[in-house]
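The structure displayed is predicted, hence computed values, not measured ones. Note on naming: letters A, B, ... go to the chains in the order of the sequence lines (proteins, then strands), and numbering restarts at 1 for each one.
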Number of protein chains: 2
Amino acid sequence: MPYDPSAFPPFAVTVDLVVLTVRRHALCALAVRRGEAPFQGRWALPGGFVRADEDLAQAAARELAEETGLHAHDPSAPAQDNGAHLEQLATYGDPERDPRMRVVSVAHLALAPDLPAPRAGGDASNARWAPVEELLQQGGYGRDGEPLAPLAFDHAQILADGVERARSKIEYSSLATAFCTPEFTVGELRRVYEAVWGVALDPRNFHRKVTGTPGFLVPTGGTTTRQGGRPAQLFRAGGATLLNPPMLRPEV
Amino acid sequence: MPYDPSAFPPFAVTVDLVVLTVRRHALCALAVRRGEAPFQGRWALPGGFVRADEDLAQAAARELAEETGLHAHDPSAPAQDNGAHLEQLATYGDPERDPRMRVVSVAHLALAPDLPAPRAGGDASNARWAPVEELLQQGGYGRDGEPLAPLAFDHAQILADGVERARSKIEYSSLATAFCTPEFTVGELRRVYEAVWGVALDPRNFHRKVTGTPGFLVPTGGTTTRQGGRPAQLFRAGGATLLNPPMLRPEV
DNA sequence: GTGTTTATCGTCAGGCAGACGACTATGATC
DNA sequence: GATCATAGTCGTCTGCCTGACGATAAACAC
């Protein structure tokens, strides 16, 4: 196979982002409204072209900052700086996935704490946090009466893959803390698990499990009442990234 | 961001393959010798350009067939047809990873039973199964006296990622059976785990675990002596793909 | 036959998870 | 201020799974 620059077809390479957060006890994803054809007016995942001198992770971090103002922190640095967790998800390259040209999209998954309203080039009506079930559901009407159209391109598949990755990864890693503010209570962390998995967890067993796992949580000393009951201890994320034994997701 | 075909730089897109198998109690990967610059004469992972009308998975399956004669079976079809397991691994797109041009490589992971000698365009000296430690180790000399040079491009990183994926995935899935022939014994499956993890496992506890996990193994009725001791029962892979509870990898 | 090798079954103790009772500390309501 | 609702935290108990390891079974080598 000698080197022949004309022997390979040119591709466009993009990054698409599955940005997840927990809002009002529901797992939500960032969606932006498309301004041009194809799929004009439809909701899609944020994303854009990779630049000529840019690594894939850099491109994803740039798009994330443009869409949300979040900066991704280096996964190798365990420090909690309120930045988002960002990791590569998967790559989608069906020849027909974009009718304009051959596009290969490297999807990334970002997990962020609950944020104020998103911005998309300053136009708030063109970006929103939507519950993932609503984005993945086809037909019918959303909570605001808007008709539910499927996401543009193959973005429903990408979103589903991202949600599945998040659901399984919080089982055996401390990644659920990426959905929390730098300081959080055990109850807030439990509500993250409940929202992502869509199940109810026993507060007592959950408390025993997370406080008993070395390196998962570090008490800061402070206490806070955010929900109206007894004040809760505040924690930061510990250095541990892999949980052994893992959190167990209840059956079905 | 209006559509402008000149607004994005062209990329070459390739698939690279991490093909793993277990040979003589060691985890081995398929390596091919590069015939041209850059990295001429160095060992590399097999791979090639994605064609204009090809999906990424199709391209990976085609490359796998060209290099090994294996055909990948559809992951959605649980039938064991002696084909290899093939799944997407990750995508590597550093601007400097190929000195010739901007190349984005979508790496795939293939798991195969022990195979006869590989072929690479009919030239056996340009393809081989090598223990992964040997390929990842830098400097020194291999078992055949050949000097150990690092793999070409960023293939050492890709191989390391593929090995780590395989090591973790056999914990919670039935993927270890992809390293076995269609019919296998519990002992052969155990030796797969031992080779991939590099540890020794208790035969009695392993037997209890795998035969007690519903859907993991299906007895075929036959028995065979392949190692010189008492004849062992033969099994096929069951329909289960996720193991719950998982196999536990011993510490360190 | 005796020893070696591999496969398979059983037993036992320790650890962890699910179910759930009890107590504590706050705000809301009367 | 007493009472109630809410949320957090500590314990107990039981069942299951795992790791350690003894014992038996069935082949081959000599």
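- Distance check, rounded to the nearest 0.5 Å: CG of B:Leu45 to CG of B:Asp16 gives 6.0 Å.
- Here the nucleotide nearest the side chain of A:Pro231, chosen from D:dC17, C:dT26, C:dC20, is C:dT26.
- Picking from D:dG19, C:dC16, C:dA7 the nucleotide with the shortest atom distance to the side chain of B:Leu248 gives D:dG19.
- Look at CE on B:Met247: it is 14 Å from P on D:dC17, rounded to the nearest Å.
- We find that CG of B:Asp202 is positioned 13 Å from P of D:dT18, with the value rounded to whole Å.
- In this structure, the CG atom of A:Asn205 is 16 Å from the P atom of D:dT14, given to the nearest Å.
- Between A:His207 and D:dG8, a side-chain N or O to OP1/OP2 separation shorter than 4.0 Å is absent.
- Across the protein-nucleic acid pair, B:Gln233 atom CD and D:dA27 atom P stand 13 Å apart, rounded to whole Å.
- Side-chain atoms of B:Phe184 and B:Leu217, non-hydrogen and from C-beta on, do get closer than 4.5 Å to each other.
- The base of D:dG19 sits with one of its N or O atoms less than 3.5 Å from a complementary donor or acceptor on the side chain of B:Arg208.
- Nearest nucleotide to the side chain of A:Val186, out of D:dT18, C:dT8, D:dT9: D:dT9.
- The CZ atom of A:Phe206 sits 14 Å away from the C1' atom of D:dA7 (whole-angstrom rounding).
- Judged by distance alone, with hydrogens and angles left aside, the side-chain atoms of B:Thr185 form no donor-acceptor pair with the main-chain N or O of B:Gln233 at under 3.5 Å.
- If you check distances only, the side chain of B:Arg230 never reaches the base of D:dA27 with a donor-acceptor pair under 3.5 Å.
- Counting to the nearest Å, the C1' atom of D:dG8 and the CZ atom of A:Arg190 are 9 Å from each other.
- Side-chain proximity of A:Lys209 to the nucleotides C:dA17, D:dC17, D:dC21 is greatest for C:dA17.
- Computed from coordinates, the B:Leu189 CG to C:dA7 C1' distance equals 14 Å when rounded to whole Å.
- Inspection of the B:Tyr92 and B:Asp161 side chains reveals an N or O donor paired with an N or O acceptor under 3.5 Å.
- At the phosphate of C:dC12, neither OP1 nor OP2 sits under 4.0 Å from any side-chain N or O atom of B:Arg204.
- Counting to the nearest Å, the C1' atom of C:dT26 and the CG atom of A:Leu234 are 15 Å from each other.
- Figure legend: A:Arg128 and A:Trp43 shown as a cation-pi pair, the cationic atom lying under 6.0 angstrom from the six-membered ring centre and within 45 degrees of its axis.
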